[in-house]
Amino acid sequence: MTAVPTVVATSIASLDRKIERLAAHQAAWVALSAAGRAALLRQCIAALVPEADAWANTGRTLKGYAANSSGHGEEYLAGTLAVMRNLRLFAEALEAGGQPPLPKVWQRDDGQWVARVFPQGALDKTLFAGITVDIWVEPGKEATQGQIYRDKRAGRGGKGGVSVVLGAGNQSSIPAMDVLYKLVVDDEVCILKMNPVNEAIGPHIERAFSPLVDAGFLEVCYGGIEQGKHLTDHASVTSIHITGSASAHDAIIWGPGEEGAANKAAATPRINKHITSELGCVSPVLVVPGEWSEAELDYQARHVAAMLTYNCGFNCNGSRLIVLASGWAQKDRFKALVAEKLAATPTRKAYYPNAQRTWDTFTGHYAHRKLGSSEGEGVLPWTLLDGVGIEAGEFALENEPWVGIMSFVEVEATGAVDYLDTAVTFANERCWGTLTVNILIDPRSEKAASAQLDAAIAALRYGTVAVNCWSGLGYGIVNATWGAFPGHPLDDIQSGQGVVHNGLLLDHPQKSVIKAPFIMKPTPAWFTDHKNNLALGRLMTQFEAAPSWLKVPKVALTAMKG
């Protein structure tokens with residue numbers, strides 16, 4: 001096993017120098033034209049190309065994944081590929097003056113505007129056949145784009161700011177993409193503090209983003225709570241972005257322990273700075289009852305299992321609650337197949353700190369089934385919790401199991417029509433968080449209950465609604481927004497405030513809706529039984545740096561080997 005590179009914590013004095021340097025370049029970033037920003041991002045694309053292999057190798061080493069394994073492939077697909085695509089989409093958006101063309105815009109019967117942001121052209125349609133991404137705009141707002149760039153052209157530009165980005169520890173793309181959003185959309189220079197879990201990725205980000213670092217618009221630093229607190233409290237820092245837990249968010253805003261509880265109760269925040277956040281979710285998968293063939297049952301069981309096992313269960317959008325109709329004739333067969341697929345999925349090292357403690361807590365609340373081996377240092381089995389209820393106060397509905405655990409729950413329903421109404425109410429009112437929800441519905445049920453499905457999508461209070469695909473597809477495509485449904489106050493933050501990604505720069509996003517065919521061929525890249533995800537991830541990272549029709553045949557052939 002390759003040794004994990006060591007990173008030294010940044011001293012407090014060095015943090016101050018980094019912030020001072022950023023503050024000195026804040027005005028230059030604000031004054032930089034959209035074309036000038038695009039040129040810098042194009043330079044970052046060129047710098048990421050030779051860095052990608054080392055980046056992915058460090059990622060898989062940190063997580064204990066073997067070279068050339070499925071986990072190694074994930075470090076491209078959810079790491080370098082997503083970052084490369086984000087860089088390209090933002091570069092294209094800036095080259096269009098902050099207003100890249102929208103494939104389609106329309107107004108729903110209730111007046112709400114919707115913008116189709118994917119596919120953008122024939123290349124997208126060829127590589128992602130049948131997949132669409134729509135951004136629903138907040139009610140009362142129009143589908144405008146690139147607010148800060150419109151304001152700059154009108155002479156109403158702001159002063160920008162200095163933002164501290166507290167990076168996520170689970171996916172290596174998150175810190176880099178959060179930085180890009182703060183720079184491009186919020187007009188702020190950034191200091192990125194890497195999470196101690198994956199801080200060894202930091203030097204790769206520094207090298208890939210060296211054009212931004214060299215220009216004085218980005219700094220990267222390392223350390224733990226001491227460094228984090230110094231940054232968030234620094235007088236020159238004007239905003240904070242965190243991807244992490246609600247408890248970490250609350251400690252920043254309200255303070256730790258009893259002090260924090262008292263501040264929260266009194267509505268007196270410890271600091272008064274703009275904060276945006278993405279803080280996880282107990283993500284439900286709504287399985288709409290229908291008459292499925294055995295092949296469809298098998299495919300969707302693989303699908304649900306992959307939603308959990310991808311990245312060893314350490315995803316804020318992992319499948320946590322599989323919501324079934326009590327009267328669905330095929331529910332027992334589906335449950336058995338999901339368990340079968342989980343048992344057949346190789347277990348991995350549970351690399352995240354306190355994973356064993358989390359597993360013990362949840363399995364201490366419920367009877368459970370261990371699926372797959374738990375042999376090996378730090379390895380935990382995929383686990384299904386039994387006996388999870390649907391009433392308010394249920395532990396598994398209100399706490400995110402940050403480990404390879406999920407549950408089946410049942411709501412009173414028999415067919416698609418009554419299920420959709422009941423399941424939407426359950427997802428909105430019982431499940432903690434509003435980040436992502438998934439809907440699985442066969443084409444026959446979708447046709448018969450099309451009006452109810454549309455109403456369900458409209459009613460779901462989630463930042464991402466994924467129909468017949470894992471919400472991770474929306475994350476990776478980047479055209480979609482990523483973040484909580486709007487409206488969480490600081491004292492009940494749940495999945496957070498604000499969004500990132502948003503590759504076409506919609507100004508007032510409410511939610512993103514991703515739709516895919518019920519059965520996708522070839523095997524989707526996020527399936528953990530994909531047989532060629534390493535080659536596909538590496539190739540797609542290179543493809544996104546410079547898309548071309550000449551590269552499509554090789555991409556298609558590689559995908560078909562999955």
Exercise for the section: I would like to know whether His241 and Cys190 meet side-chain contact (heavy atoms from CB on, under 4.5 Å); could you show each step before the answer? Expected result: CA-CA 10 Å; His241 180 81; Cys190 292; over 6 Å; no

Exercise for the section: Assert yes or no for the condition that the ring centre distance of Trp470 to Tyr310 is strictly below 6.0 Å. Expected result: yes

Problem - Residue that, paired with Glu446, satisfies side-chain contact (heavy atoms from CB on, under 4.5 Å) out of Val288, Ile439, Leu453 - result: Leu453

Handout entry: Euclidean distance, Asp187 CG relative to Ser163 OG, rounded to 0.5 Å
Key = 11.5 Å

Handout entry: Asn438 side, atom CG; Leu440 side, atom CG - distance, nearest 0.5 Å
Key = 7.0 Å

Practice task
Please examine the side chains of Pro284 and Tyr462, heavy atoms only from C-beta on, and report whether any two atoms are closer than 4.5 Å.
Solution key: yes

Handout entry: Which atom of Leu420 lies closest to which atom of Ala456, heavy atoms considered
Key = CD2-CB, 4.2 Å

Handout entry: Whether over 12 other heavy atoms sit under 6.0 Å from Asp386 CG
Key = yes

Handout entry: Working for salt bridge (Lys or Arg N to Asp or Glu O under 4.0 Å), residues Glu296 and Arg444
Key = CA-CA 12 Å; Glu296 289 171 334; Arg444 300 159 304 276; 2.9 Å; yes

Handout entry: Least distance between heavy atoms, Met177 atom then Val478 atom
Key = CE-CG2, 3.8 Å

Problem - Side chains of Ile174 and Val500 in contact at under 4.5 Å (non-hydrogen atoms) - result: no

Exercise for the section: Kindly say whether Gly433 contributes a backbone atom to a donor-acceptor pair with the side chain of Gln494 at under 3.5 angstrom? Expected result: yes

Problem - Val417: partners by side chain to side chain contact (heavy atoms under 4.5 Å, CB included), with sequence neighbours left out - result: Ala449, Gln452

Handout entry: side-chain contact (heavy atoms from CB on, under 4.5 Å) between Arg320 and Leu308, worked out
Key = CA-CA 7 Å; Arg320 301 305 182 185; Leu308 176 70; 3.5 Å; yes

Exercise for the section: Indicate yes or no for a side-chain donor-acceptor contact from Trp328 to the backbone of Gly290 under 3.5 Å, with no hydrogens or angles considered. Expected result: yes

Handout entry: Contact check, side chains of Asn399 and His365, non-hydrogen atoms, under 4.5 Å
Key = no

Problem - Sidechain-backbone polar pair: Asn428 side chain, Ala459 backbone, donor-acceptor under 3.5 Å - result: yes

Exercise for the section: Look only at the side chain of Arg430 and the backbone of Ile390, and say whether a donor-acceptor pair between them is shorter than 3.5 Å. Expected result: yes

Handout entry: Sidechain-backbone polar pair: Glu74 side chain, Asn311 backbone, donor-acceptor under 3.5 Å
Key = yes

Fill in the blank from the handout: For Ala458 and Arg108, the nearest pair of non-hydrogen atoms, with its separation, is CB-NH2, 3.7 Å

Exercise for the section: For the pair Thr436 (side chain) and Ser283 (backbone), establish whether a donor and an acceptor sit closer than 3.5 Å, ignoring hydrogens and angles. Expected result: no

Problem - Sub-4.5 Å side-chain heavy-atom contact between Phe90 and Asn86 - result: yes

Exercise for the section: Before giving the answer on side-chain contact (heavy atoms from CB on, under 4.5 Å), spell out for Thr276 and Tyr181 the whole-Å C-alpha distance, their side-chain angles and the decisive distance to 0.1 Å. Expected result: CA-CA 11 Å; Thr276 51; Tyr181 193 84; over 6 Å; no

Problem - Leu324 side, atom CG; Lys331 side, atom NZ - distance, nearest 0.5 Å - result: 7.5 Å

Handout entry: Option from Leu460, Ile457, Val285 for which side-chain contact (heavy atoms from CB on, under 4.5 Å) with Val437 holds
Key = Leu460

Problem - Short N-O contact, Asp298 and Lys341, less than 4.0 angstrom - result: yes

Handout entry: Side-chain (Ser173) to main-chain (Ala78) donor-acceptor, under 3.5 angstrom
Key = yes

Handout entry: Thr434 side chain vs Phe485 backbone, donor-acceptor pair below 3.5 Å
Key = yes

Completion exercise
Residues pairing under ring pair (Phe, Tyr, Trp, His ring centres under 6.0 Å) where one sits in residues 121-144, two or more places apart or in two chains, turn out to be Phe118-Phe128

Handout entry: Over all atoms of both residues, closest heavy-atom pair of Thr481 and Ser512
Key = OG1-OG, 2.6 Å

Problem - Non-hydrogen atoms of Leu321 and Ala396 that approach each other most closely - result: CD2-O, 4.2 Å

Problem - Test item: Val117 and Ile477 side chains (from C-beta on) under 4.5 Å apart, heavy atoms - result: no

Handout entry: Of Ser471, Cys431, Ser495, Cys316, the residue whose pairing with Cys281 passes side-chain contact (heavy atoms from CB on, under 4.5 Å)
Key = Ser495

Handout entry: Heavy-atom check, side chain of Asn315 versus side chain of Gln171, under 4.5 Å
Key = yes

Practice task
May I ask you to decide if Trp292's main-chain N or O and Asp442's side chain share a donor-acceptor pair within less than 3.5 Å?
Solution key: no

Practice task
Search all heavy atoms of Gln120 against all heavy atoms of Pro103 and return the closest pair with its distance.
Solution key: CA-CG, 3.9 Å

Exercise for the section: Evaluate whether atom CD of Glu398 has more than 12 neighbouring non-hydrogen atoms of other residues, nucleotides or ligands under 6.0 angstrom away. Expected result: yes

Handout entry: Side chain proximity check, Thr464 to Tyr475, heavy atoms < 4.5 angstrom
Key = no

Problem - Trace of the side-chain contact (heavy atoms from CB on, under 4.5 Å) decision for Leu342 with Val338 - result: CA-CA 6 Å; Leu342 285 174; Val338 171; 4.2 Å; yes

Exercise for the section: Can you run down the side chain to side chain donor-acceptor pair (under 3.5 Å) pairs that involve residues 497-509, sequence neighbours left out, and say none if there aren't any? Expected result: Thr144-Asp507, Arg150-Asp507

Practice task
Flag the pair Gln510 / Pro486 as yes when at least one side-chain heavy-atom distance between them is below 4.5 Å, and no otherwise.
Solution key: yes

Exercise for the section: Quick one: pull up NZ in Lys125 and CD1 in Ile131 and give me the separation to the nearest 0.5 Å. Expected result: 13.5 Å

Exercise for the section: Check whether more than 12 heavy atoms from other residues, nucleotides or ligands sit under 6.0 Å from atom CD of Glu291, and answer yes or no. Expected result: no

Exercise for the section: Using the ring-ring contact (aromatic ring centres under 6.0 Å, His included) rule, take Tyr299 and Phe527 through it: C-alpha gap first, then chi angles, then the decisive distance, then the call. Expected result: CA-CA 10 Å; Tyr299 175 92; Phe527 276 39; 5.3 Å; yes

Exercise for the section: Please confirm whether the backbone N or O of Leu504 pairs with a side-chain atom of Gln145, one donor and one acceptor, at under 3.5 Å? Expected result: yes

Exercise for the section: Please round to the nearest 0.5 Å and tell me the distance separating atom NZ of Lys335 and atom CZ of Phe408. Expected result: 6.5 Å

Handout entry: Residues Trp382 and Thr345: side-chain donor-acceptor under 3.5 angstrom
Key = no

Fill in the blank from the handout: Interatomic distance, CZ@Phe518 vs CD@Gln300, rounded to 0.5 Å, equals 4.0 Å

Practice task
Could you tell me whether the side chains of Tyr366 and Glu394 share a donor-acceptor contact shorter than 3.5 Å?
Solution key: yes

Problem - Under 3.5 Å side-chain donor-acceptor pair for Thr309 and Thr528 - result: yes

